[in-house]
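Please read all numbers here as calculations on a predicted model, not as lab measurements. Just so it is clear, the values below take in all heavy atoms, side chains as well, and ignore hydrogens, waters and symmetry mates. We name chains A, B, ... by the order of the sequence lines, and we start the count at 1 in each one.
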Amino acid sequence: MSEEIDETQTGETVVGEQKEIDNKMISPEKVEEAKLKTRYPHLGAKPGGSDFLRKRLQKGQKYFDSGDYNMAKAKIKNKQPPMAPTEKAEITGDHIPTPQDLPHRKPSLVASKLAG
Amino acid sequence: MAGAGGGANDVQWCFSQVKGAIDDDVAEADIISTVEFNHSGELLATGDKGGRVVIFQQDIENKSQPQCRSEYNVYSTFQSHEPEFDYLKSLEIEEKINKIRWLPQKNAAQFLLSTNDKTIKLWKISERDKRPEGYNLKEEDGRYRDANTITTLRVPVFRPMDLMVEASPRRIFANAHTYHINSISVNSDDMTYLSADDLRINLWHLEITDRSFNVVDIKPANMEELTEVITAAEFHPHQCNTFVYSSSKGTIRLCDMRASALCDKHSKLFEEPEDPSNRSFFSEIISSISDVKFSHSGRYMMTRDYLSVKIWDLNMENRPVETYQVHEYLRSKLCSLYENDCIFDKFECCWNGNDSVVMTGSYNNFFRMLDRTQHRDVTLEASRECSKPRQVLKPRRVCAGGKRKKDEISVDSLDFNKKILHTAWHPQENVIAVATTNNLYIFQEKVN
């Protein structure tokens, strides 16, 4: 009996030491994870995999309708292309398009600069 | 130094050419999205975000002389895809060319498949270097002659003309993918090819555009249960019944089309066991495979995940036979890489002609050459500073921490906007094509 108790105590001590060593050698990934959790405490509350996957499957800007799409395209032609919008952003045109507003034909296609 | 052959000679890489604009203001349309040599290496195709394809041709005239370096010049350029609008879902369909794959050449014309997110197109590129002259009813400029002035008959003859290269779409394979196409792969049977999106893989016949067979479908009945997506797929180079597909969870499945019509059950599952104690929030993200490529021999396949390149023997499923770190110093930067979305960058990888060296890109316009036979690796840079003719590329070194040596660059100084995602290796020669954001660099083995 006493031998068993001794063994158990020895076993626990060994495990305790191992845990100390582990804490000192936390992988860089875990350090980075801790950093991320402090900045975004709610991240990871739902399974992370599904979030990325859903975002990936829904890639592509959603518009209210095709008129909205054409208006946005006409607007973008005149200024720098915007950064990709966040998931929640809804893109809508400035106003309801009329046939006069929509571009009559596709813009002339510019040749690639690699071929220049 | 990287070795392209397995021999004792060290290969030194030198600058050959750079294509594209010098200015720093990069238009989105000019971002290169794919690079691919054809089967002989004579042609090099690029696709960009603007839906355009540019094909370069190797100048063969001087190739017989070892002193001369062969150059790639523009052969053909065309608009492959245009932006579209999905009216049903009110979603924009990008014209960005995701992949180009060449068909083996069977006659004078060249054929390639190019794809955006939704539609694959088969393009025929043909040359015209003769034209008929001496028509009876038409002038040379095309105007019709007055019939009363025609008093004799002649036979029109073909006369040489300036070479004209024409690209025409021969097949359009549309409406088969609900999700975004990430891969296309031509089968060794020269008749079929596969296209893969996030959840499904379809098999096509090159002649038939109105139907395709679904061979893999991993869409769960309840989308809430979705845990992984297909990231890349490729046919085996010799076995026309075999293909592989990789997943966002770091696994590769090999499927045999002889086993069943629907290959949802894999024949082999390649997965490296993970140490559960090492698992972190980032583990799954960085294990996502961004590219899978069979070796030319067909015995091995290579996978690229965020931090490493792994070589797998098709006969061994439980672990890769070789693992190479691409940029391990980024492991301690994962938090910021997640915040700036760089952790989701999809790097490609490629084999050299005899499968002895593999290449993949990194940040700061660095790319890595990993020599499997000589167990050496080197980091090189594609930049305008190293672009004098025949200038030998100097190896680059990144300092992970601590004291930075003279020629090293520290991790924090790396430019994460300068990514090399696409590289290609000539199938027979030591010629490589490296795409930075909007420039295409061609490097060659140094010849003395």
K.L.:
Is it the case that more than 12 heavy atoms not belonging to B:Asn175 sit under 6.0 Å from its CG atom?
P.N.:
no
K.L.:
Please classify the contact between B:Asp197 and chain A as side chain, backbone, both or neither, with a heavy-atom cut-off of under 4.5 Å.
P.N.:
neither
K.L.:
What are the two closest non-hydrogen atoms of B:Cys335 and A:Glu32, and how far apart are they?
P.N.:
N-OE1, 2.7 Å
K.L.:
Check each atom of B:Leu337 against the heavy atoms of chain A and say whether the ones under 4.5 Å are side chain, backbone, both or neither.
P.N.:
neither
K.L.:
Decide yes or no for A:Glu29 and B:Asn278: does some side-chain heavy atom of the first lie under 4.5 Å from some side-chain heavy atom of the second?
P.N.:
no
K.L.:
Please classify the contact of B:Arg52 with chain A as side chain, backbone, both or neither, using a heavy-atom distance under 4.5 Å.
P.N.:
side chain
K.L.:
I need the minimum non-hydrogen distance between A:Ala115 and B:Val54, along with the two atoms involved.
P.N.:
CB-CG1, 4.1 Å
K.L.:
Heavy-atom distances under 4.5 Å only: say whether B:Tyr75 touches chain A with side chain, backbone, both or neither.
P.N.:
neither
K.L.:
Quick check on B:Ile55 against chain A: is it the side chain, the backbone, both or neither that has a heavy atom closer than 4.5 Å?
P.N.:
neither
K.L.:
Side chain, backbone, both or neither: which part of B:Thr77 has a non-hydrogen atom closer than 4.5 Å to chain A?
P.N.:
side chain
K.L.:
Give, for atom OH of A:Tyr69 and atom CG of B:Leu91, the distance between the pair rounded to the nearest 0.5 Å.
P.N.:
11.0 Å
K.L.:
Specify which of B:Glu92, B:Lys333, B:Lys19 makes the most heavy-atom pairs with chain A at under 4.5 Å.
P.N.:
B:Glu92
K.L.:
Output the option from A:Lys35, A:Lys30, A:Glu33, A:Arg39 having the highest count of non-hydrogen pairs under 4.5 Å with chain B.
P.N.:
A:Glu33
K.L.:
Taking side chain as everything from C-beta outward and backbone as N, CA, C, O, which of these in B:Thr46 sits under 4.5 Å from a heavy atom of chain A? Side chain, backbone, both or neither.
P.N.:
side chain
K.L.:
Considering residues, nucleotides and ligands other than B:Leu163, do more than 12 of their heavy atoms fall under 6.0 Å from its CG?
P.N.:
yes
K.L.:
Of the backbone (N, CA, C, O) and the side chain (C-beta and beyond), which part of B:Glu225 lies under 4.5 Å from a heavy atom of chain A, both, or neither?
P.N.:
neither
K.L.:
Side chains of A:Leu114 and B:Asp48, heavy atoms from C-beta outward: is any pair under 4.5 Å?
P.N.:
no
K.L.:
How many angstroms lie between atom CG of A:Leu57 and atom CG of B:Leu199, to the nearest 0.5 angstrom?
P.N.:
5.5 Å
K.L.:
For B:Ile285, is it the side chain, the backbone, both, or neither that has a heavy atom closer than 4.5 Å to a heavy atom of chain A?
P.N.:
side chain
K.L.:
Can you name the closest pair of heavy atoms from A:Ser66 and B:Phe85 and give their distance?
P.N.:
CA-CE2, 3.3 Å
K.L.:
Between B:Glu94 and chain A, which part of the residue has a heavy atom less than 4.5 Å away: side chain, backbone, both or neither?
P.N.:
side chain
K.L.:
Under 4.5 Å from any heavy atom of chain B, what part of A:Arg56 do you find: side chain, backbone, both or neither?
P.N.:
both
K.L.:
Using non-hydrogen atoms only, which part of B:Phe78 is less than 4.5 Å away from chain A: side chain, backbone, both, or neither?
P.N.:
neither
K.L.:
Mind checking the NZ-OG spacing from B:Lys49 to A:Ser112? Nearest 0.5 Å is all I need.
P.N.:
14.5 Å
K.L.:
Roughly how far, to the nearest 0.5 Å, is the CD atom of B:Glu284 from the CG atom of A:Leu53?
P.N.:
7.0 Å
